[in-house]
Amino acid sequence: MPTLVAGPRFRIRPITVHDVVKDYDAVLDSLERLEGRFGPEWGWPDRRFTLEQALIDVAWLQKEGQLRRSFSYAVMTPDEERQLGRIHVAPSDDPSFDAVVVFWVRADEEDSSVEKELEEFVREWCTAAWPFETVRFPGRD
């Protein structure tokens with residue numbers, strides 16, 4: 001599991017409970033967009049999303065990484081002042097894929113050069129740094 005990727009536009013590292021305030025801000029800033037993208041399938045996030053629920057979610061993501069069941073990353077600005085989004089890497093339920101990778105950027109970065117650069121990076125990263133041959137990108141393929 002890669003632990004840190006740093007570039008000129010963003011830093012990617014495993015998410016931890018210490019990220020909860022910045023993560024919560026990114027989710028709230030993007031609530032409508034995320035509901036439309038993830039809500040129908042996963043029911044996340046809902047309109048009642050609270051800081052307490054965010055802490056539970058982020059702690060769960062951190063624990064899943066420790067158990068090596070799935071891996072979630074915070075996408076931060078290079079100075080770590082602002083969370084730009086998240087990346088999730090998980091095993092695929094479909095045997096024709098090695099993994100499922102979902103990522104998002106906050107609403108104010110939608111269709112920006114940062115989102116395009118992140119997508120290019122994530123697609124390359126999943127085959128270069130991970131032991132995957134076939135990856136599914138729900139909502140992006």
Side-chain angles (χ1 to χ4, degrees), residues 1-47 49-141:
M1 166 182 108
T3 56
L4 173 66
V5 177
R9 305 279 302 262
F10 45 77
R11 271 173 83 87
I12 298 168
R13 58 168 175 68
I15 198 164
T16 73
V17 293
H18 301 288
D19 296 313
V20 69
V21 171
K22 291 175 186 172
D23 185 74
Y24 185 63
D25 179 64
V27 171
L28 283 188
D29 178 63
S30 310
L31 195 61
E32 191 172 299
R33 180 174 188 232
L34 294 173
E35 276 182 324
R37 193 159 187 200
F38 301 112
E41 189 171 345
W42 292 304
W44 178 89
D46 69 26
R47 293 274 169 196
F49 194 63
T50 63
L51 184 58
E52 180 182 27
Q53 187 60 52
L55 179 59
I56 293 166
D57 286 357
V58 171
W60 179 263
L61 296 173
Q62 182 178 353
K63 188 63 176 179
E64 285 284 299
Q66 289 171 348
L67 296 173
R68 303 188 62 74
R69 292 196 293 224
S70 66
F71 304 93
S72 297
Y73 295 85
V75 180
M76 308 295 290
T77 55
D79 62 7
E80 296 256 346
E81 288 298 313
R82 186 169 185 248
Q83 185 170 326
L84 298 171
R86 275 200 225 152
I87 303 167
H88 302 279
V89 180
S92 176
D93 293 337
D94 179 342
S96 49
F97 293 96
D98 297 324
V100 173
V101 176
V102 176
F103 62 95
W104 57 269
V105 294
R106 50 191 310 140
D108 59 359
E109 294 291 347
E110 183 177 13
D111 297 323
S112 71
S113 60
V114 169
E115 182 176 33
K116 289 176 181 67
E117 195 174 312
L118 181 64
E119 180 164 1
E120 288 173 17
F121 169 79
V122 168
R123 287 180 181 276
E124 173 66 26
W125 185 54
C126 286
T127 55
W130 292 83
F132 306 138
E133 290 184 28
T134 56
V135 178
R136 188 168 70 94
F137 294 92
R140 299 213 178 243
D141 286 340

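Note that the structure is a prediction, hence the values are computed from the model and not measured. Quick note: residue numbers are just sequence positions, from 1.
Scanning both residues, Phe71 and Gly65, for their nearest heavy atoms gives CE2-O, 3.8 Å. Pairing each heavy atom of Phe10 with each of Glu117, the nearest pair is CE2-OE2, 3.9 Å. Across every non-hydrogen atom of Cys126 and Phe132, the tightest pair is O-CD1, 3.4 Å. The two residues Ala90 and Ser70 come nearest to each other via the heavy atoms CB-CB, 4.0 Å. Minimum interatomic distance between Pro14 and Tyr73 (heavy atoms only, all atoms of both residues): N-CD2, 3.5 Å. Nearest approach of Thr77 to Arg11, heavy atoms of both residues: O-CD, 4.1 Å.
Ion pairing between a basic and an acidic side chain is recognised when a charged N comes within 4.0 Å of a carboxylate O; Arg13 and Asp19 show such pairing. Salt-bridge check for Glu109 with Arg82: passed, with a basic side-chain N closer than 4.0 Å to an acidic carboxylate O.
How far OG1 of Thr16 is from NE2 of His18: 5.0 Å, rounded to the nearest 0.5 Å. Note that CD1 of Ile12 is 11.5 Å distant from CE of Met76, once rounded to the nearest 0.5 Å. From Glu120, atom CD reaches atom OG of Ser113 across 10.5 Å, with rounding to the nearest 0.5 Å. In this structure, CD1 on Ile56 lies 10.0 Å from CG on Leu51, to the nearest 0.5 angstrom. Atom CG of residue Leu84 and atom CZ of residue Arg106 lie 7.5 Å apart, to the nearest 0.5 angstrom.
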Stepwise side-chain hydrogen bond (donor to acceptor under 3.5 Å, both in side chains) test for Ser96 and Asp94:
CA-CA 5 Å; Ser96 49; Asp94 179 342; 2.5 Å; yes
- Show your reasoning for whether ring-ring contact (aromatic ring centres under 6.0 Å, His included) applies to Phe103 and Trp125. CA-CA 13 Å; Phe103 62 95; Trp125 185 54; 10.0 Å; no
inquiry  = Let's go through Glu119 and Arg123 carefully: what are the C-alpha distance in whole Å and the side-chain angles of both, what is the deciding distance for salt bridge (Lys or Arg N to Asp or Glu O under 4.0 Å) to 0.1 Å, and is it a yes or a no?
reply    = CA-CA 6 Å; Glu119 180 164 1; Arg123 287 180 181 276; 3.1 Å; yes
task: Test side chain to side chain contact (heavy atoms under 4.5 Å, CB included) on Leu118 and Ile87 and set out the steps.
output: CA-CA 10 Å; Leu118 181 64; Ile87 303 167; 4.2 Å; yes
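Not one N or O on the side chain of Glu64 forms a donor-acceptor pair closer than 3.5 Å with the backbone of Arg69. With hydrogens and angles disregarded, a donor-acceptor distance shorter than 3.5 Å links the side chain of Thr127 to the backbone of Glu124. A donor-acceptor distance shorter than 3.5 angstrom exists from the side chain of Tyr24 to the backbone of Phe49, with no hydrogens or angles considered. Side chain of Ser72 to backbone of Arg86: no donor-acceptor contact under 3.5 angstrom is found. Formation of a donor-acceptor pair under 3.5 Å by the Asp98 side chain with backbone atoms of Val135 is not found in this model.
Contact annotation: the side chain of Asp29 approaches that of Asp108 to within less than 4.5 Å [non-hydrogen atoms, C-beta and beyond]. Proximity of Val17 to Gln62: side-chain heavy atoms (C-beta onward) are separated by under 4.5 Å at one or more points. Considering only heavy atoms from C-beta on, Trp130 stays 4.5 Å or farther from Val101 through its side chain.
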